[in-house]
Amino acid sequence: MTWVLASILLPLAGAAVVAGMKKNDRLATLTALVVSLLTFLLVIPMWASYAPSGDRIQQKSSMDWIPNFGIHISFGIDGIALVMIAVIGLLVPIVVGALGLTDKLPAGRSAGGFLSLILVQEALTIAVFAATDVFLFYVLFEMMLIPMYFLIGGYGGANRQYAAVKFFLYSFLGGLIMLASAIGAYSLASDELGKGTFDWETLVTVVRDAPLGTQIWLFIGFFLAFAIKAPLVPFHTWLPDAAGQAPIGVAVLLVGVLDKVGTFGFLRYCLPMFPEASKELAPWVLVLAVAGVLYGSILAAGQRDMKRFIAYVSIAHFGFIALGIFTFNEQAMVGSVSYMLNHSLATGMLIVVVGLIVMRGGSTRISDYGGMAKVTPLLGGMLLIAGLSTLSLPGTNSFISEFLVLLGSFVDYPVYTIIATVGMVLAAAYVLWLYQRVMQGPVRGDAVLLPAPTGPPTPTSVGSPSAVSTAVEPELGATRATKAIKDLGGKEIAILAPMVVLIIALGFYPKPVLDTITPSVQATMSSVQGGK
């Protein structure tokens, strides 16, 4: 058994165990945390045994599934899949550990049910990145919608059913279109080889030599599925609703990991299998990418809800990723792949911090907050770190990714690159605007002004049964009474610490990640340049 296969089977087995713990939430949480940590530990030998200079696909495992149609259950990884599996392994323990700190389960819902779905989601997402059979990839692409649908629809906000159905239908429709193209690729292989196959490595060698018109039609089928998943403008409309209604932990996986299946699909399937079609249609894709950068940035600046704010920020970032991929420049493509990792870290931390804020303030509306840094300086610092990583400040992990994308794309597409840099300016504006509104200024929330006390302050209930603390504002001649909001505790710091360390470490020393992904990017570039 390979480390890849073990990382898929372990969370599936853990999900079966946790699902049976419906009457003991604490035991279910502890078990899910142990399983997710063990899955993350499997990434260590997986990474250690991966040779960047070795074969393109490594740690292979395969068994017959439907042999009459050349379908196999086949898994393997390249450097791109490896870094995405690693970030999944990191984020799931954080999501599990944060349960109760960032989310409250609806009445009557058990932690066992919620966490079992999280573990199934982890297993299916790892399997999607590792699949090397195109039909298996399609099946997993559709299957991973199921736990996410129930996580949003069963545990989300007031409009959760609408958001869950919209998410499912968009992605499911995209998958069906991709299936049609996969069948077309199978038919080409059957005509060329005398027998059909869905093996990815075989299809790359066969389909790439198809006539340009055929490639374009097959490319469109795969591209639409991945553009919806990414999401690129104008296929993005499901994300703000889904992310806005999803529980915080689910939003971490949705925005931080699942979306990357789309950009991963561009790299694994669209470019190597349809190189000529990719180059022919690249200018149109670049228009969508740049439009996404500007559109996402402008709408993020106008959001009143913190979770929807993060969704639009991500749409802008995916524009940068697509820009780097479809400029067919190695430097830009390496930047895009590292951006996939670094966006997961920055956005994952930002969502968790927002969850901690919401649990204290009881609202996702930005206007309901203000001055929180005065009473929760550690939480304010964490929001600042996540925000600075999101806007790609030098010294944070996202900077090198964005820099490589812009540096590489400028070589052949300077106009698109210059337009995209406007998104960098807007990012600084909307991130700092969020931080200023939430953490700076006068204390807001459910604070009210009371007459100045004549004696020692007495705790008073304001808007809730919790105790309050008082602070005198001389210029108003009154005392502002606020709920006693606690700063970060030890458990919350432990949850955020790994992301803070990685954000800073990869900001100053990204070499291990770049060395891992560069050979896979070079192999992808070779496939594109080797097209007829």
Side-chain angles (χ1 to χ4, degrees), residues 1-9 11-13 55-78 80-81 84-85 120-147 171-210 214-215 217-226 228-229 258 261-262 264-274 277 523-524 527:
M1 181 185 296
T2 65
W3 297 115
V4 176
L5 190 57
S7 68
I8 298 170
L9 296 178
L12 281 178
D55 295 338
R56 183 172 186 177
I57 303 296
Q58 301 179 31
Q59 301 185 35
K60 300 178 183 178
S61 61
S62 180
M63 61 178 290
D64 288 341
W65 186 14
I66 312 176
N68 290 341
F69 292 95
I71 300 175
H72 302 82
I73 298 177
S74 301
F75 297 107
I77 57 170
D78 61 1
I80 302 171
M84 293 316 304
I85 292 172
V120 170
Q121 189 70 66
E122 178 181 25
L124 292 176
T125 309
I126 292 173
V128 163
F129 285 114
T132 56
D133 182 279
V134 177
F135 185 79
L136 175 65
F137 174 84
Y138 160 74
V139 171
L140 293 168
F141 185 88
E142 299 287 43
M143 284 182 64
M144 71 178 185
L145 305 178
I146 299 172
S171 296
F172 183 71
L173 177 61
L176 290 178
I177 298 172
M178 179 176 66
L179 176 61
S181 287
I183 293 172
Y186 175 90
S187 299
L188 287 176
S190 181
D191 293 340
E192 183 73 21
L193 305 175
K195 62 177 182 178
T197 181
F198 284 101
D199 178 69
W200 175 79
E201 290 180 291
T202 303
L203 288 178
V204 166
T205 62
V206 172
V207 180
R208 62 180 296 108
D209 294 325
T214 302
Q215 277 198 36
W217 282 109
L218 297 180
F219 170 90
I220 289 173
F222 279 89
F223 174 81
L224 286 176
F226 299 141
I228 291 171
K229 183 66 71 178
L258 261 69
V261 174
F264 174 80
F266 294 151
L267 292 160
R268 172 64 69 85
Y269 296 95
C270 289
L271 270 60
M273 289 176 62
F274 317 109
T524 302
S527 296

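Taking 4.5 Å as the limit, some side-chain heavy atom of I73 sits within range of a side-chain heavy atom of F75. Residues E201 and I57 are in side-chain contact: their nearest non-hydrogen atoms beyond the backbone lie under 4.5 Å apart. When side chains are defined from C-beta on, L136 does not count as touching F198, because their heavy atoms never get closer than 4.5 Å. Taking the side chain as every heavy atom from C-beta outward, V134 and F222 approach each other to under 4.5 Å. A 4.5 Å side-chain heavy-atom check between S527 and R208 finds at least one atom pair inside the cut-off. Side-chain atoms of V261 and M144, non-hydrogen and from C-beta on, do get closer than 4.5 Å to each other. Within the 4.5 Å cutoff, side-chain heavy atoms of L258 are placed close to those of Q121.
Minimum heavy-atom separation, F172 to L145: N-CD1, 3.6 Å. Considering every non-hydrogen atom in both G175 and A225, the closest pair reads N-CB, 4.3 Å. The two residues A123 and L12 come nearest to each other via the heavy atoms CB-CG, 3.5 Å. The two atoms that bring L267 and T524 nearest to each other are O-CG2, 3.7 Å, heavy atoms only. Looking at every heavy atom in both residues, I228 comes nearest to G174 through CD1-CA, 4.0 Å. Heavy-atom minimum distance, G262 versus K229: N-CG, 3.6 Å.
In this structure, Y269 has its ring center under 6.0 Å from that of F137. F266 and F223 have their aromatic ring centers within a separation under 6.0 angstrom.
Atom CZ in F274 sits 8.5 Å away from atom CG in L203 (nearest 0.5 Å). Note: F129 CZ to I8 CD1 = 12.0 Å, rounded to the nearest 0.5 Å. Atom CD of Q59 is separated from atom CD1 of I77 by 4.0 Å, given to the nearest 0.5 angstrom. From E142, atom CD reaches atom CG of L179 across 8.0 Å, with rounding to the nearest 0.5 Å.
Within a 6.0 Å sphere centred on CH2 of W200, other residues, nucleotides and ligands contribute more than 12 heavy atoms.
Remark: A6 pairs with M1, L42 by the side-chain contact (heavy atoms from CB on, under 4.5 Å) rule, at least two apart or across chains.
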Atom pairs and distances, donor-acceptor, side-chain atoms in residues 182-197, under 3.5 Å, two or more places apart:
residue, atom, partner, partner atom, Å
S187, OG, I183, O, 3.1
T197, OG1, D199, N, 3.1

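Using a 3.5 Å distance cut-off with no hydrogens or angles, the side chains of T132 and R268 do not pair a donor with an acceptor.
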Q: Start with the C-alpha distance between S181 and M273, add both sets of side-chain angles, then the distance that settles side-chain contact (heavy atoms from CB on, under 4.5 Å), and finish with yes or no.
A: CA-CA 11 Å; S181 287; M273 289 176 62; over 6 Å; no

Q | F135/W65 under side-chain contact (heavy atoms from CB on, under 4.5 Å): CA gap, chis, key distance, verdict | A | CA-CA 11 Å; F135 185 79; W65 186 14; 3.9 Å; yes

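Within the structure, side chain to side chain donor-acceptor pair (under 3.5 Å) contacts touching residues 66-75 (residues at least two apart or in different chains) are S62-S74, D64-H72.
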